[in-house]
Each structure stands twice: as C-alpha cells, then as structure tokens.
A.B. asks: 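Here's a structure for you.
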Amino acid sequence: MPVGSPSQQQFPWRTVGALFFFLSAILGFEMGVAVTERPEIVEADLLTKAYYSLSLFVVGGVDLGTPYGGTFLGRALVWTAYFGAPILAASTLILALLRALSPQRWVLRRLEDHIVLVGAGELTISALKILRQRNGRIPVVVACKTQEPLLQAELKDKFDALVVIGDIAHDYFLEQLRLDKARKIFLLGEDSLRSYEVATSLLSRYPGIAGKIVIHCAKLRFMRAMQNTTVAQRCDVFNTYHLAATALVRDHMLDRFRDSKAKDIVVLAGFGRFGQTILEQLQTQAPDEMETVIIIDSDAYRRVLVADEQMRFSGNYRRELLEGDISHPDVWNKVRSTADIGSSNTVFVLGTGGEEENLRTSLWLRRKYPEAMVIARSRRESLFSNEVGQEHNIICVSITKLVEDNLPRTWTDPG
C-alpha cells in the first residue's frame with residue numbers, strides 16, 4: 001500500500017514480529033539448541049542457520065523436528081519461533097487474501113481521523129495538492145459518482161488518495177466512509193444546492209461533525225443568500241472566486257493604495273463573481289482609498305443590480321458603469337472620458353472570462369499607461385502568462401493558484 005495509507009499510520013508490528021521470530025531462531029541455534037531431524041544444525045554456519053530459520057515461516061518446525069539440547073533460554077527462543085513464525089505467516093496470507101477480494105472495503109473499515117473529499121473536479125485536485133504539501137501522511141478518501149480510470153490512477157499515485165465510487169446521499173455509502181470518525185469533510189461539487197442538502201443530511205445523521213464540514217458553493221449569489229441559514233453557520237462555506245478575489249485585494253492592491261498619494265481609480269473589466277468580490281473587499285478593506293470605480297461588462301447594469309441586491313454598494317467613491325466588450329476600442333474611449341486614468345493611482349483589473357482577451361488588453365494598457373497597475377486574471381496557472389507578466393510588469397493571477405495559496409490552514413493542517 002502507498003506511503004501515507006491508513007495501515008502505514010500504525011506501528012509495523014508484522015515486520016517487527018517477523019524479524020523477532022527470525023532472530024529468535026538464529027539466536028537459539030547459536031546457543032547450542034539442536035533439532036531431532038537436523039541435529040547437524042548446531043555445527044552449521046550462520047547462513048545455514050538463517051536458511052532453516054526462514055523455513056519456519058513456510059512449514060513451521062515439521063521439517064526440522066523438535067528442539068533439544070542447549071540452554072533453557074535457547075530452547076525457549078526456538079520454541080517461540082516454532083509457534084510464532086507459522087502463525088504470523090498464515091495470518092498475513094489470510095489478510096492479503098481478504099484485501100485482494102475486497103481491498104476498498106478493507107481500507108474503509110479501518111479509517112479514522114481521515115479527510116473526505118466529495119467530488120472529482122479541478123477544485124478537488126487543488127485541495128489534494130495543498131493538503132499533501134501541508135500534511136503528507138493523513139489518510140484521504142475521494143468520493144465521486146463517476147468512474148474514470150485515468151483520474152483514479154492520478155489521485156491514487158500522485159496524491160495517495162483512496163477513490164471510492166458512490167453517491168454520498170445514500171445511507172449505505174455514508175456508513176462506508178465512516179464520516180463520524182473523519183477529521184474534515186469537503187463538499188467540492190459544482191451543484192451548490194446539492195452540497196447544502198448533503199451537509200444538512202450529514203449534520204442530522206452525525207451531529208458531532210458540526211464544524212468539520214467545508215462546503216464549496218459554486219454560485220456566489222446563492223452563498224450570500226444562504227449565509228444566515230443554520231447549515232451555513234455550522235459549516236465552513238466558501239466560493240473559489242470569493243476566496244481568490246479576497247486574496248488579490250489583500251496581497252496586491254492594498255499596498256498600492258497606501259503608497260499612492262491621491263485617491264485611486266479602479267477599473268474593473270468584468271463584473272462576474274470575481275469582479276463583484278473584488279469590489280466588495282475594496283469597500284470593506286479600503287473604503288476611503290478610492291476616488292472612482294469604473295465597471296466594464298457586457299451585461300454591466302444587470303450584474304450590478306444583482307450584486308447590489310446582496311452586498312449593497314457603499315463608500316465615498318464615484319461609480320461608473322460601461323456596458324460593452326473590453327476588446328472594443330470605443331469602451332476605452334469612454335473610460336478615458338469618464339476619469340483621468342493612467343497615473344500611478346490607477347489600477348486596471350482585467351477579470352473577464354476571456355483569458356486571451358485579458359492578457360492582450362493588459363499588454364495594450366501597459367504600453368499606453370506605464371505608471372498604472374495592471375492585473376490580468378486567468379482560470380488556471382499559466383507559465384506563458386507569468387513570463388509575459390514578468391517581462392512587461394503585469395500582475396498575472398490565476399483563480400486556481402490564488403485558491404491554493406489561500407485555503408485556510410485550519411482546514412488541512414494536523415490538529
């Protein structure tokens with residue numbers, strides 16, 4: 001079984017036992033103990049004695065006869081090996097057979113203080129990556145509904161995770177996962193409502209796991225609407241875009257605001273879940289640092305109305321909405337006519353869903369406004385984008401990397 005699996009968390013008593021019985025037999029023979037069927041063993045060399053000692057694990061003492069002669073301690077050691085070696089070998093063989101017949105069930109029934117990840121998407125891979133960096137030995141179970149051999153092989157070989165196929169909403173499947181013994185349970189599916197439903201069912205079934213469940217809510221609007229419910233208050237709930245945007249504001253934008261002498265102009269190109277959370281965090285962490293926020297989106301007015309329904313815009317800054325595509329030159333003409341952009345107190349955040357357009361536009365803005373801060377967002381981490389960013393002084397961030405770097409340590413660390 002791979003390193004870090006549940007059985008290797010325990011003391012290796014089988015290995016120690018085998019070594020003990022083997023050495024007991026050799027030591028007894030060295031102390032002058034002979035056997036009725038091989039009396040010449042007393043005069044044999046060490047290698048021969050080692051050979052006969054190993055044979056005890058296969059046929060016991062049947063082929064050697066009963067021990068006699070030597071010291072009392074020597075005979076006691078040989079008799080101990082006579083009984084212990086074949087018993088250990090037989091039990092090991094039986095256990096191996098049981099594991100071969102039902103390996104998954106065997107591992108599951110021994111689980112304790114483990115982590116369960118429900119789902120098999122990109123977020124699960126990210127969580128496993130960070131989990132193994134922080135804690136390489138804790139048992140991990142990935143529960144998913146679809147069987148993909150390549151994915152299962154990756155999860156097992158790369159992250160030492162046990163993959164089980166089933167529906168976590170079924171009672172029998174829940175029993176197999178031993179969730180009442182788990183350290184943490186991550187619900188990482190894309191169906192937000194189903195994740196809350198599963199969490200509610202788990203809390204009802206195992207009241208003691210309150211505080212151990214982490215829910216990924218894929219829809220930011222739904223997460224905000226559910227934040228005052230009982231299940232949300234008894235679990236840790238997060239959204240990847242919310243987590244990433246919070247980290248971006250804290251780690252990159254706040255220092256820029258503090259260093260600039262004048263109040264800042266922020267241009268948010270893209271106002272989906274990522275852009276909305278950026279503005280929400282700016283209002284929370286830097287309410288007096290902004291002069292103007294310009295929101296650009298192909299569906300800007302509707303999205304602002306949706307966001308306003310949940311988070312309420314606040315702060316003493318001017319807000320401007322521009323509806324259009326960031327690839328259209330007329331949009332940027334309107335931006336220039338709206339505010340005096342381009343100085344060191346200007347921050348451009350290219351956060352649309354079009355990664356190529358974000359990168360292209362960021363390069364154009366960097367050439368046109370060399371003093372401004374330019375941030376380009378992508379979904380996954382890109383070596384190419386990072387190189388372009390370093391060459392042209394553009395901050396290239398990926399949602400995946402921001403999430404991985406900012407998963408709370410209390411979710412993954414021991415203790």
Side-chain angles (χ1 to χ4, degrees), residues 121-123 125-126 129 220 239-257 260 264-279 281-282 292-300 303 320-336 338-339 341-406:
E122 292 181 12
L123 185 55
I125 300 294
S126 292
K129 178 181 176 182
L220 187 58
N239 171 271
T240 53
Y241 290 95
H242 186 277
L243 192 63
T246 302
L248 176 64
V249 171
R250 183 189 65 239
D251 298 339
H252 294 285
M253 300 179 71
L254 290 183
D255 288 342
R256 177 80 175 198
F257 290 163
S260 60
D264 293 85
I265 299 170
V266 180
V267 180
L268 294 177
F271 201 63
R273 290 168 290 183
F274 189 59
Q276 290 173 27
T277 308
I278 289 176
L279 183 54
Q281 291 301 310
L282 289 175
T292 303
V293 174
I294 301 174
I295 298 172
I296 307 171
D297 196 279
S298 57
D299 194 16
R303 289 189 168 181
E320 299 290 343
L321 306 184
L322 298 177
E323 197 154 278
D325 195 314
I326 65 170
S327 64
H328 200 299
D330 187 52
V331 168
W332 296 104
N333 290 332
K334 292 178 180 178
V335 171
R336 284 192 292 271
T338 300
I341 61 174
S343 61
S344 61
N345 68 324
T346 303
V347 178
F348 295 100
V349 182
L350 287 306
T352 72
E355 298 180 12
E356 293 182 9
E357 203 58 47
N358 289 343
L359 187 59
R360 184 200 66 79
T361 305
S362 68
L363 287 169
W364 178 79
L365 290 171
R366 168 54 66 226
R367 290 192 297 269
K368 197 167 186 65
Y369 307 108
E371 295 183 9
M373 171 183 273
V374 181
I375 301 172
R377 163 245 169 169
S378 62
R379 175 65 192 177
R380 300 181 184 87
E381 190 172 16
S382 166
L383 180 60
F384 172 69
S385 296
N386 290 339
E387 288 183 354
V388 172
Q390 291 176 3
E391 292 170 1
H392 298 276
N393 191 26
I394 296 169
I395 300 174
C396 292
V397 297
S398 74
I399 303 299
T400 299
K401 189 66 167 60
L402 287 170
V403 170
E404 289 177 356
D405 289 345
N406 291 278

A.B. asks: Could you list the residues that satisfy salt bridge (Lys or Arg N to Asp or Glu O under 4.0 Å) with R366, not counting sequence neighbours?
C.D. replies: none

A.B. asks: Considering residues at least two apart in sequence or located in another chain, which fulfil the side chain to side chain contact (heavy atoms under 4.5 Å, CB included) criterion with D251?
C.D. replies: A247, N406

A.B. asks: Under the side chain to side chain contact (heavy atoms under 4.5 Å, CB included) test, which residues partner V331, sequence neighbours left out?
C.D. replies: I296, H328

A.B. asks: CZ of R380: more than 12 outside heavy atoms within 6.0 angstrom?
C.D. replies: no

A.B. asks: Filter on side chain to side chain donor-acceptor pair (under 3.5 Å), then keep only pairs touching residues 343-355, sequence neighbours left out; what's left?
C.D. replies: S343-N345, T352-N358

A.B. asks: Just jot down the ring-ring contact (aromatic ring centres under 6.0 Å, His included) partners of F274, sequence neighbours excluded, or say none.
C.D. replies: none

A.B. asks: I'd like to check the side chain to side chain donor-acceptor pair (under 3.5 Å) partners of T240; sequence neighbours left out, ordered by chain and number.
C.D. replies: none

A.B. asks: Taking the inter-plane angle between the rings of Y369 and W364 on a 0 to 90° scale, is it parallel (under 30°), tilted (30 to 60°) or perpendicular (over 60°)?
C.D. replies: perpendicular

A.B. asks: Taking only residues two or more places apart in sequence, or in another chain, which ones meet S378 in a side chain to side chain donor-acceptor pair (under 3.5 Å)?
C.D. replies: none

A.B. asks: Looking at residues at least two apart in the chain, or sitting in another chain, which of them share a side chain to side chain donor-acceptor pair (under 3.5 Å) with N239?
C.D. replies: none

A.B. asks: By side chain to side chain contact (heavy atoms under 4.5 Å, CB included), which residues pair with N333, not counting sequence neighbours?
C.D. replies: D330, R336

A.B. asks: Can you name the salt bridge (Lys or Arg N to Asp or Glu O under 4.0 Å) partners of K368, sequence neighbours left out?
C.D. replies: none

A.B. asks: Apply side chain to side chain contact (heavy atoms under 4.5 Å, CB included) to A300 and list each qualifying residue two or more places apart in sequence or on a separate chain.
C.D. replies: D297, E323

A.B. asks: List the residues meeting side chain to side chain donor-acceptor pair (under 3.5 Å) with E387, not counting sequence neighbours, and say none if there are none.
C.D. replies: none

